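To keep things clear, I will list the structure first and then write my remarks on it.
The model shown is predicted, which means the values in this text are computed figures rather than measured ones. Positions are given from 1 along the sequence.
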Amino acid sequence: MTAGVDAAVVTAAAAPAPRARRAWPRPVRALRPVALGLVALVLLAGLWELVKAVVPDTGWSIGERLVLPRTTDLAMPHVTDMLARLGEPLTAQPGADPLWLAVLRAGGTSLRIAAVSWVIGVVVGLLLALLMARFRIARSAVLPLVVLSQTVPLIALAPLVKGWGSKLELGFTWEPWMSVAVIASYLAFFPVAVGALRGLTSPDALHRDLFAAYATSWTQELVRLRLPASVPHLLPALRLAATSAVLGVVVAEVSTGMPGGIGRMILEFANFASSDPAKPWAPIFGAVLLGLVASGAVALLGTGLGRFRRAEVVA
């Protein structure tokens, strides 16, 4: 028996040690998501051109049902044409700004409004999550209403919020962009409320019992246990809220008719689909860029919370 154990020990000692995975430098790891995103964009552009090359101009139909859309230059411009159109003037007037500059200016307006709506949504979502985490009866009463609120379309709320805002007397003039920010925050607060509630209630019963054994107050338990435990759930929720805020701003700009933003530009450029088919895609690219910028900016907020992000949950 002893000889067998000794032989096993010798065999284990002689076995080659597993090769350790080489860790990439931190700057490379930080740029990896950006590189993967660029690769995804290139693949998407290649798929676009492949569909345009393979599918007939009239599309593919099964019987009388159209399965794939038309691939004419009016319906699906080439990627190179859309990119080239960004560098051309916005209009035929002399001295007109290039299209990409006009899109950036409109995107900057929408981004500022989205930032305000994101702050409003985060504050409201965190307050609701704290209320539901503190009182079980509040969770039973409020959580169904929070979920039910997302079934109301923004296009139905936009005229109401705009009308209410114009009638308010708060000592200052209610600007149209304020209505847009309130409407967009309606989408932004939901992921924060649900993600924060899930994080605040995530600590194990053993840990909660330990705090109860030390007779700590709920505020101390919140600061020292529940908030750190909620970080892996809250950070993805904040990123999702940022993209939801951008989406809400674009939809609200279209619904309320507020000029100067990327949503209004999408609506206006849609009229050029037949005469200038590559032009309507420029504000769409701008809206996508806004979502990426908003999500990336929120992701930077979590760089200082690395020790709380070991088990980050994907939203």
Side-chain angles (χ1 to χ4, degrees), residues 110-168 170 174-202 222 226-227 229-258 261-264 266-267 287 290-291 294-295 297-299 301 313-315:
S110 298
L111 187 61
R112 288 191 293 269
I113 301 175
V116 175
S117 64
W118 179 80
V119 172
I120 297 174
V122 169
V123 171
V124 174
L126 286 178
L127 291 177
L128 289 175
L130 289 173
L131 177 65
M132 291 185 288
R134 180 66 180 89
F135 302 104
R136 186 178 299 272
I137 188 173
R139 187 186 315 174
S140 302
V142 175
L143 185 58
L145 296 178
V146 171
V147 176
L148 186 63
S149 67
Q150 300 304 297
T151 62
V152 181
L154 284 184
I155 196 172
L157 291 176
L160 297 177
V161 175
K162 183 180 179 181
W164 292 339
S166 61
K167 298 177 182 178
L168 291 177
L170 302 175
W174 185 268
E175 301 291 342
W177 69 266
M178 298 178 183
S179 298
V180 174
V182 171
I183 296 168
S185 65
Y186 182 78
L187 284 182
F189 92 94
F190 176 74
V192 177
V194 175
L197 175 62
R198 185 180 178 186
L200 292 173
T201 56
S202 63
L222 173 67
R226 293 182 181 269
L227 285 179
S230 68
V231 171
H233 302 269
L234 186 57
L235 288 179
L238 293 178
R239 290 198 296 268
L240 184 58
T243 55
S244 298
V246 172
L247 175 62
V249 166
V250 173
V251 174
E253 288 174 348
V254 173
S255 302
T256 61
M258 193 198 83
I262 201 75
R264 186 67 179 178
I266 292 175
L267 188 62
L290 284 186
S295 179
V298 175
L301 297 178
V313 179
V314 179

Return the minimal non-hydrogen interatomic distance between G248 and A184, and the atom names on each side. C-CB, 3.7 Å
Run V161 and Y186 through side chain to side chain contact (heavy atoms under 4.5 Å, CB included) and show every step you take. CA-CA 11 Å; V161 175; Y186 182 78; over 6 Å; no
Closest non-hydrogen atom pair between M258 and W177, with its separation: SD-CA, 3.5 Å
Give a yes or no on whether the backbone of V147 and the side-chain of T151 come within a donor-acceptor separation of less than 3.5 Å. no
Is there a side chain to side chain contact (heavy atoms under 4.5 Å, CB included) between V124 and S185? Walk through the geometry before answering. CA-CA 9 Å; V124 174; S185 65; over 6 Å; no
For a 4.5 angstrom cut-off between non-hydrogen side-chain atoms, does W118 reach V246? no
With the side chain counted from C-beta on, respond yes when V123 and I120 share a heavy-atom pair under 4.5 Å apart, and no when they do not. no
Do the side chains of L197 and V146 get nearer than 4.5 Å, heavy atoms only? no
Can any side-chain N or O of T256 pair as donor or acceptor with the backbone N or O of A252 at less than 3.5 Å? yes
Minimum heavy-atom distance between S202 and A229, given as atom pair plus value: OG-O, 3.6 Å
Testing I262, I113, L154 one by one against V250 for a side-chain contact (heavy atoms from CB on, under 4.5 Å), which residue passes? I262
Could you state the interatomic distance from OG (S295) to CG (L238), rounded to the nearest 0.5 Å? 10.5 Å
Taking all atoms of both residues into account, what is the closest heavy-atom pair of A181 and V116, and its distance? CB-CG1, 4.1 Å
Under 6.0 Å from the CD1 atom of I155, do we count more than 12 heavy atoms belonging to anything else shown? no
Interatomic distance, CG@L222 vs OG@S230, rounded to 0.5 Å, equals 8.0 Å
Quick one: does any side-chain atom of S117 pair with a main-chain N or O of A114 as donor and acceptor, under 3.5 Å? yes
Evaluate the side chain to side chain contact (heavy atoms under 4.5 Å, CB included) criterion for residues V251 and V254: first the C-alpha distance (whole Å), next the side-chain angles of each, then the deciding distance (0.1 Å), finally the verdict. CA-CA 5 Å; V251 174; V254 173; 5.8 Å; no
Any idea which heavy atoms bring G121 and V192 closest together, and the distance? O-CB, 4.4 Å
Separation of F190 CZ from S149 OG (nearest 0.5 Å): 6.5 Å
Counting only heavy atoms not in I137, do more than 12 sit closer than 6.0 Å to its CD1 atom? no
In short, H233 meets G195 closest at the heavy-atom pair CB-O, 3.5 Å
Measuring from L145:CG to Q150:CD, what's the distance to the nearest 0.5 Å? 12.0 Å
Distance col, row L200:CG vs L227:CG, nearest 0.5 angstrom, shows 6.0 Å
Note, L234 side chain near R198 side chain (heavy atom, < 4.5 Å): no
